[in-house]
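Worksheet: one structure, shown below.
Small disclaimer: the values here were computed from a predicted structure and weren't measured. Atoms within each ligand, like the ligands themselves, are counted from 1 in listed order.
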Amino acid sequence: MAGKYQAPRGTADIVPAPYAKEPVFEVHRWQAAEQVFRQVAGLYGYQEVRTPIFEDLDLFLRTSGETSDIVSKEMYDFTDKGGRHVALRPEGTAPAMRAYIEHPMGGQGVVTRLGYFGPVFRYNRPQKGRYRQFHQAGYELIGSPSPLADAEIIDVTVRFFHLMGLADVVVKVNSIGRGETRADYERAVLQHVGGWMADQDGETRAKAEKNPLRLLDTKDPDLRRVLDGLPSILGFLGDESKVSFEALQGHLREQGTAFEVDDSIVRGLDYYTDTVFEVVSAEFGALCGGGRYDGLVEQLGGPSTPSVGVGIGVERALHVAELAGQAAKPKVATRWYVVAATEAARDAARGLARELRARGAGCSLDLDGRSVKAQFKQADRNGAVLAAVIGDDELAAGTVSVKDLVTGEQKTLPHDVVLRIADD
Ligand code: AMP
């Protein structure tokens, strides 16, 4: 029955389980993921923000960096009818920080913890685990320079994965330094790849020169070979960065986080300073990306505000949970289906539905005079677990027959007893 239109390439409809094209797009899994997002927020004191789906393009140009893949290749941007250049948000941190400054939630010595959950958009080549519209759950800890803040964000991240059913995640952490020492390292990288650069086109060279660290997460096998033997970024860290990174590792050990230091992690966005981290899966690559971004608030016109955060890819977390056999089970949304077994019982069926709902019990019923058989079929499709059947006998006796749709067991009970069951 497929119609003429389909969801755009790289996007997916999230629909009730029987209709989903892939298990990860079953809506109950998303409801569970949202619940995990909120549960984790509550456990650590993060408050939710919901920002617009689109923003001024400039917000992302300024924060992600012109040479980032996001800005240079992947942005869904357009000029609106008022001539404003806007973009569908490609990530969640810049909008959350814009909102933080706009309202303003911070202030001297104030620490603000924010969370968000929602769709983001990137024009890239779709494949399993990579979409053009996907969802990020994010947490931002704004206003603390302490490595304890980095450790908390990593703990929050691991907790999110645990509650999604992924018990054994290992966090890869690195420090990319800041300021002058980072610039020293960037020069060292450029020097190291000098021969390779000479063979590249102008655009590739210009990009590499603008942000040499980006070269480090290349998938190009030639460049990978060239990068062999490059000194580690960790050898270039300034004293403060070094001390923070050591302290972070101490805190991670103390809180029992499974982690490894991986100096190849540099992250794709310009705004990171010092700590960066990822959780990586063999099948789907990065499941999340996070780190410290001490310059971001200032870059957006706010006061200097050291901050750290994470963005978690929800589709990928769901894919991995599915592979691990840890997916959320469907929950019963609407427990009852009221069946009118005869024409004469239709009014009474609607009356029972009203009474059930007044008690907070979810129920659905046929509105189109369908046969009893069709009503039971509909009850199954709706995922109902109990059918409340009223026919001529029940009408006469003031009873309701309750059928358990899972076991097939049926009992005829007084009307008020059925309402009491509904209260449970
Ligand atoms: P990033 O903002 O690039 O660090 O992305 C954060 C997380 O979002 C990544 O670690 C992935 O889990 C997820 N992600 C990034 N790009 C995509 C995509 N195109 N489709 C699905 N998930 C993605």
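- Listed by number with element, the atoms of ligand 1 under 4.0 Å from a non-hydrogen atom of Gly311 are 6 (C), 7 (C).
- Under a 4.0 Å N-O distance rule, the pair Arg225/Asp222 qualifies as a salt bridge.
- Heavy atoms only, all atoms of each residue included: Ile70 and Ser64 are closest at CG2-OG, 4.4 Å.
- Considering Asp56, Asp80, Asp77, Asp58 in turn, Asp77 is the only one that fulfils the side chain to side chain donor-acceptor pair (under 3.5 Å) rule with His85.
- Contact atoms of ligand 1 toward Ala286: 9 (C), 10 (O), 11 (C), 12 (O) (distance under 4.0 Å to a heavy atom of the residue).
- Here's the thing with Cys288: one of its N/O atoms is less than 3.5 angstrom from an N/O atom of ligand 1.
- Neither the backbone nor the side chain of Glu315 comes within contact range of ligand 1; no heavy atom lies under 4.0 Å.
- Taking the six-membered ring for Trp, Phe25 and Tyr131 have ring centres closer than 6.0 Å.
- Of the candidates Tyr123, Phe134, Phe284, the one placing a heavy atom closest to atom 17 (C) of ligand 1 is Phe134.
- The Gly289 neighbourhood of ligand 1 comprises atoms 10 (O), with distances under 4.0 Å to a heavy atom of that residue.
- Residues Lys21 and Asp13 are not paired through a salt bridge, judged by the lack of any N-O separation under 4.0 Å between the basic side chain and the carboxylate.
- For Ile312, no nitrogen or oxygen atom sits less than 3.5 Å from a nitrogen or oxygen atom of ligand 1, counting backbone and side chain alike.
- With salt bridges taken as basic N to acidic carboxylate O contacts below 4.0 Å, one links Arg50 and Glu48.
- Contact annotation for Arg122 and ligand 1: only side-chain heavy atoms (C-beta onward) come within less than 4.0 Å of the ligand.
- Counting heavy atoms closer than 4.0 Å to ligand 1, residue Tyr131 contributes atoms from both its backbone and its side chain.
- If you number the atoms of ligand 1 from 1 as listed, the ones under 4.0 Å from a heavy atom of Gly313 come out as 7 (C), 8 (O), 12 (O), 13 (C).
- Under the 6.0 Å distance and 45° angle rule, Arg132 does not count as a cation-pi partner of Phe121.
- Each of the atoms 19 (N) of ligand 1 lies under 4.0 Å from some heavy atom of Asn124.
- Under a 4.0 Å criterion applied to the non-hydrogen atoms of Gly129, ligand 1 contributes the atoms 20 (N), 21 (C), 22 (N).
- Counting all heavy atoms, side chain and backbone alike, Gly45 lies closest to Arg113 at O-CB, 3.4 Å.
- For the pair Lys403 and Phe376, the cation sits on the ring face: its NZ or CZ lies under 6.0 Å from the ring centre, inside 45° of the axis.
- Contact annotation for Gln136 and ligand 1: only side-chain heavy atoms (C-beta onward) come within less than 4.0 Å of the ligand.
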